[in-house]
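This is a predicted model, so every value here is computed, not measured.
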Amino acid sequence: WLRKAKLPFTVDFSYLEQGIRIAGKWYPILKMQWVEGLTLNQFVGQYLDKPAMLEALLQLWAKMGKYLRAAKVGHCDLQHGNVLLVPGSTPNALALKLIDYDGMWIPPLAKTLSGEVGHANYQHPRRLREGTYSLEVDRFPLLLVATAMRALKADKSLWAKYDNGDNLLFKESDLAVPGQSALFEELASLPDAGLVMLAAQVRAALKGSLESAALLEDVMPEAKRPSRLAPASAGVTMQKTSPRASAVTSGE
């Protein structure tokens, strides 16, 4: 399905029916192209002082969401560790790459169950409770991450207050009880109308189903406008830091 879709931010992989043998039984794996780069949270933390970089990444994020939905693909675990920013095709370019495909949803899998529910700091609480597995799963994390990036563009001091190394500002507790969240309260007070609107959309989504979460392209009108950015790259310079690489992932 992914080969047919030809998404610009996926990496090459092979599905091996007999990939790993455990206690005499074979299990499938995905053998993926080795990719090194900064994870999403590493990149954001590195460029807090450069709002133009965060804006470029936000635009890429929105475009990636549109590509996924148009291809009828749900990644189902959109979170910092599965999004890599890697050197692009030119010296000053950066590309966004998604990894970890074993939990993806595509139409032929519509009547199956998923063995995972994604990272709790990014997923709608109802998905964690109900194990939802559908194209609509990505609606919420796409909206959530966009809100976090817009917030950091508006006020970089939020990073020191809310980053814990395993999130992008939001934590599972914020999503479980938004009315008691210091982060939601602070976002609502910042002088950025676009950010306040996005945060309100996240809170509204938490009151309903996954399907009720707004599509990012509908609440980020700028994502609909033509951009000089390529779908999976931005004109930025990659700086070295501890890389994350894609690895073999289980297909059980």
Next on the checklist: Is a donor from one side chain sitting under 3.5 angstrom from an acceptor on the other, for Glu116 and Ser114?
Outcome noted: no
Checklist entry - Linking I/L/V/M/F/W/Y whenever their side-chain heavy atoms sit closer than 4.5 Å, directly or via other members, would Ile29 and Ile22 fall into one cluster? => result yes
Checklist entry - Can you name the closest pair of heavy atoms from Ala214 and Gln201 and give their distance? => result CB-OE1, 3.4 Å
Checklist entry - What is the distance from atom CG of Leu68 to atom CG of Asp138, rounded to the nearest 0.5 Å? => result 6.0 Å
Checklist entry - So do the side chains of Val11 and Tyr101 get within less than 4.5 Å of each other, counting heavy atoms only? => result yes
Checklist entry - Counting only N and O atoms by type, is there a donor-acceptor contact under 3.5 Å from the side chain of Gln42 to the main-chain atoms of Thr39? => result yes
Item to check | Ser209 and Glu211: CA distance, side-chain angles, deciding distance, side-chain hydrogen bond (donor to acceptor under 3.5 Å, both in side chains) verdict | outcome: CA-CA 5 Å; Ser209 64; Glu211 294 80 4; 3.2 Å; yes
Checklist entry - Of all residues at least two apart in sequence or in a different chain, which pass the side chain to side chain contact (heavy atoms under 4.5 Å, CB included) check with Ile106? => result Trp1, Val73, Pro108, Leu109
Checklist entry - Any side-chain heavy atom of Phe170 sitting closer than 4.5 Å to one from Asn121? => result no
Next on the checklist: Would the distance check show the side chain of Asp174 and the main-chain N or O of Lys171 forming a donor-acceptor pair, the cut-off being under 3.5 Å?
Outcome noted: yes
Checklist entry - What about Met64 and Leu2, same hydrophobic cluster or not, with Ile/Leu/Val/Met/Phe/Trp/Tyr joined at side-chain heavy-atom distances under 4.5 Å? => result yes
Next on the checklist: Please check: side-chain N/O of Arg127 versus main-chain N/O of Thr132, any donor-acceptor pairing under 3.5 Å?
Outcome noted: yes
Checklist entry - Side chains of Lys153 and Leu58: does their closest heavy-atom pair fall under 4.5 Å? => result no
Next on the checklist: A side-chain contact here means heavy atoms from C-beta on lying under 4.5 Å apart; do Gln18 and Pro28 qualify?
Outcome noted: no
Next on the checklist: Any heavy-atom pair between the side chains of Leu16 and Tyr27 that's under 4.5 Å?
Outcome noted: no
Next on the checklist: Whether the side chain of His124 engages the backbone of Val137 through a donor-acceptor N/O pair (distance < 3.5 Å, no angle test) should be reported.
Outcome noted: no
Checklist entry - Do Leu206 and Phe140 have side chains that get closer than 4.5 Å, going by heavy atoms? => result yes
Checklist entry - Can His75 and Leu98 be said to form a side chain to side chain contact (heavy atoms under 4.5 Å, CB included), step by step? => result CA-CA 9 Å; His75 184 275; Leu98 277 183; 3.9 Å; yes
Item to check | Closest heavy-atom pair and its distance - Asp192, Ala154 | outcome: OD2-CB, 3.8 Å
Checklist entry - Among side-chain atoms of Gln59 and Glu55, is any donor-acceptor pair under 3.5 angstrom? => result yes
Next on the checklist: For the CD atom on Glu185, are there more than 12 heavy atoms of other groups (residues, nucleotides or ligands in this structure) within a distance under 6.0 Å?
Outcome noted: no
Checklist entry - Counting N and O atoms only, with roles assigned by atom type, does the side chain of Trp61 sit under 3.5 Å from a partner on the main chain of Leu142, one being a donor and the other an acceptor? => result yes
Next on the checklist: Can a donor-acceptor pair be found, under 3.5 Å and without considering hydrogens, that links the side chain of Asn167 to the backbone of Tyr162?
Outcome noted: yes
Next on the checklist: As a quick check of understanding, evaluate side chain to side chain contact (heavy atoms under 4.5 Å, CB included) for Val83 and Ile99, giving each step before the final call.
Outcome noted: CA-CA 7 Å; Val83 181; Ile99 60 172; over 6 Å; no
Checklist entry - Between Arg3 and Phe13, is NZ or CZ placed under 6.0 angstrom from the six-membered ring centre and within 45° of the ring axis? => result yes
Checklist entry - Do Asn82 side-chain atoms and Asp77 backbone N/O form a donor-acceptor pair below 3.5 Å? => result yes
Checklist entry - For Leu84 and Val35, which heavy atoms make the closest approach, and how far apart are they? => result CD1-O, 3.8 Å
Checklist entry - Under the 3.5 angstrom rule, does the side chain of Tyr67 hit a backbone N or O of Phe9 as a donor-acceptor pair? => result no
Checklist entry - Side-chain contact, heavy-atom cut-off 4.5 Å: Thr147 with Arg150? => result no
Checklist entry - In Å, rounded to the nearest 0.5 Å, how long is the span from CG of Leu216 to CG of Leu144? => result 11.0 Å
Next on the checklist: How close do Ala71 and Leu7 get, counting heavy atoms only, and between which atoms?
Outcome noted: CB-CD2, 3.9 Å
Item to check | Common cluster, Leu48/Leu195, ILVMFWY with side-chain heavy-atom separation under 4.5 Å | outcome: yes
Checklist entry - Taking Asn41 for the side chain and His80 for the main chain, is one N or O donor matched with an acceptor at less than 3.5 Å? => result no
Checklist entry - Minimum heavy-atom separation for Trp26 to Gly19, with atom names? => result CE3-N, 3.9 Å
Item to check | Cluster overlap Leu198 with Leu190, hydrophobic side-chain contacts below 4.5 Å | outcome: yes
Checklist entry - Once you round to the nearest 0.5 Å, how far does CD of Glu130 lie from CG of Leu210? => result 7.5 Å
Checklist entry - Could Lys161 and Glu186 be called an ion pair, given the rule that one side-chain N must be under 4.0 Å from one carboxylate O? => result yes
Checklist outcome for this item: Joining Ile, Leu, Val, Met, Phe, Trp and Tyr whenever any side-chain heavy atoms lie under 4.5 Å apart, the cluster holding Leu128 also takes in Val117
Item to check | Single-linkage hydrophobic cluster Leu187~Trp159, side-chain heavy atoms < 4.5 angstrom | outcome: yes
Item to check | Glu217 and Lys63: CA distance, side-chain angles, deciding distance, side chain to side chain contact (heavy atoms under 4.5 Å, CB included) verdict | outcome: CA-CA 8 Å; Glu217 62 188 88; Lys63 285 175 169 51; over 6 Å; no
Item to check | Working for side chain to side chain contact (heavy atoms under 4.5 Å, CB included), residues Asp12 and Met32 | outcome: CA-CA 6 Å; Asp12 291 335; Met32 304 188 73; over 6 Å; no
Next on the checklist: Nearest 0.5 angstrom please: Lys66 NZ to Met220 CE, how far?
Outcome noted: 9.5 Å
Next on the checklist: Using 30° and 60° as the class boundaries, would you call the ring planes of Tyr122 and His119 parallel, tilted or perpendicular?
Outcome noted: perpendicular
Next on the checklist: Rounded at 0.5 Å granularity, tell me how far CD in Glu172 sits from CG in Asp166.
Outcome noted: 11.0 Å
Checklist entry - How long is the gap from NZ on Lys31 to OG on Ser14, to the nearest 0.5 Å? => result 5.5 Å
Next on the checklist: Can you confirm whether Cys76 sits close enough to Met104 that some side-chain heavy atom of one is under 4.5 Å from a side-chain heavy atom of the other?
Outcome noted: no
Next on the checklist: Whether the side chain of Tyr133 engages the backbone of Gly115 through a donor-acceptor N/O pair (distance < 3.5 Å, no angle test) should be reported.
Outcome noted: no
Item to check | Residues that Arg203 engages under side chain to side chain contact (heavy atoms under 4.5 Å, CB included), provided they are two or more places apart | outcome: Pro178, Phe184
Item to check | Closest contact, heavy atoms only, Gly37 versus Val86 | outcome: CA-CG1, 4.0 Å
